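Data first, discussion second: the structure below is written as structure tokens.
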Number of protein chains: 2
Amino acid sequence: MSLDQIRYFVAVAEERNITRAAERLRISQPPLTRQIRALEEELGSVLFERTRRGVELLPAGQVFLDHARQILGEVDRALTVFSRPPPDQGDKTS
Amino acid sequence: MSLDQIRYFVAVAEERNITRAAERLRISQPPLTRQIRALEEELGSVLFERTRRGVELLPAGQVFLDHARQILGEVDRALTVFSRPPPDQGDKTS
DNA sequence: CCTGTCCAATACCGGTTCGGTATGTATGAT
DNA sequence: ATCATACATACCGAACCGGTATTGGACAGG
């Protein structure tokens, strides 16, 4: 499990769509799909249900989302102390 | 910054010696040295002072150590929920 | 002094990982 | 039936990571 995988997961959970999350993360869709699957495999739990419209967060996914945000929050806190502005992840200006 | 780098940093901080920390982490010394330097570079702060005996934690290093433990604690909590026993990092039985 | 020891640092190499492009598969709308 | 949408798979090249070998510097013993 890597910090990038956690960031990817949060983006997918928020967008409920891997393709859109990939755009937001500025990577392409196939690597994102792969990283999400790798994360699910490592955790031993399916986190999303794949639907025609995109993906839906399963209960296990919701549980992990809470932890993921905690982890990323701690990371941001650490980086802030060393005066690294957190990366511009908040692109709502489509 | 990767989770492994954070784990490596904590090990070095605890051992105050890169070579010993490398043994504990079951990697060799050169990659450890490199990862620590890469972390320092990314944070823009020297975390350790290199001495004849090994390394000493500088004030910036102590600050980061606190954050590092917070981050790893959150990660362990997340993994525990998904019933992954935290890795055996506590080898005090020398 | 010179030699051995104990560190971290550097050079170099091979395997793994990661992201990219292209394409496939499935489903739903018109 | 065709097209649009969204995830999955195949394949490839670049970047990353760890390993071995070696270097460089700081002591300690003789």
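In this text the structure is predicted, and so the values were computed from the model without any measurement. Sequence lines set the chain letters: A, B, ... in the order given, protein chains first and strands last, and positions in each chain run from 1.
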For A:T19 and D:dC7, is the shortest distance between a side-chain N/O and OP1 or OP2 below 4.0 Å? yes
First encountered from the 5' end of DNA chain C, between B:P30 and B:N17: B:N17
If you pin B:R34 and B:R20 to their nearest nucleotides in DNA chain C, which one's is more 5'? B:R20
Does C:dA9 have its OP1 or OP2 closer than 4.0 Å to a side-chain nitrogen or oxygen of B:R37? yes
Would you indicate, yes or no, if C:dG28 has its OP1 or OP2 atom less than 4.0 angstrom from a side-chain nitrogen or oxygen of A:R52? yes
Do the ring planes of A:F9 and A:F64 sit parallel (below 30°), tilted (30 to 60°) or perpendicular (above 60°)? perpendicular
Over how many whole Å does the gap from A:Q5 atom CD to C:dT17 atom C1' extend? 11 Å
Counting side-chain heavy atoms from CB outward, which of D:dA8, D:dC17, C:dA9 is closest to B:Q35? D:dC17
When rounded to whole Å, the CZ to P distance for the pair B:R7 and D:dG18 reads 12 Å
Nearest whole Å is fine: how far is D:dC7 C1' from A:I27 CD1? 14 Å
Whole Å only: how far is the CD atom of B:E56 from the P atom of C:dA8? 12 Å
If I take atom CZ in residue A:R50 and atom P in nucleotide C:dG24, what distance separates them, rounded to the nearest angstrom? 22 Å
Rounded to whole Å, the CD1-P distance (A:I18 to D:dC7) equals 5 Å
Ignoring backbone atoms, establish whether B:Q29 has a side-chain N or O less than 4.0 Å from OP1 or OP2 of D:dG18. no
So, is A:T33 near the phosphate of D:dA8, with a side-chain N or O under 4.0 Å from OP1 or OP2? yes
So does A:E40 pair up with A:R50, basic N to acidic O under 4.0 Å? yes
Rounded to the nearest 0.5 Å, the CG atom of B:L58 sits from the CD atom of B:E56 at a distance of 8.0 Å
Please find the pair of heavy atoms, one from A:L57 and one from A:Q62, that lie closest to each other, and give the distance. CD2-OE1, 3.4 Å
Looking only at side-chain N and O atoms, does B:Y8 come under 4.0 Å of OP1 or OP2 in D:dC17? no
Go through the side-chain N and O atoms of B:T19 and B:E23 and say whether any donor and acceptor fall under 3.5 Å apart. no
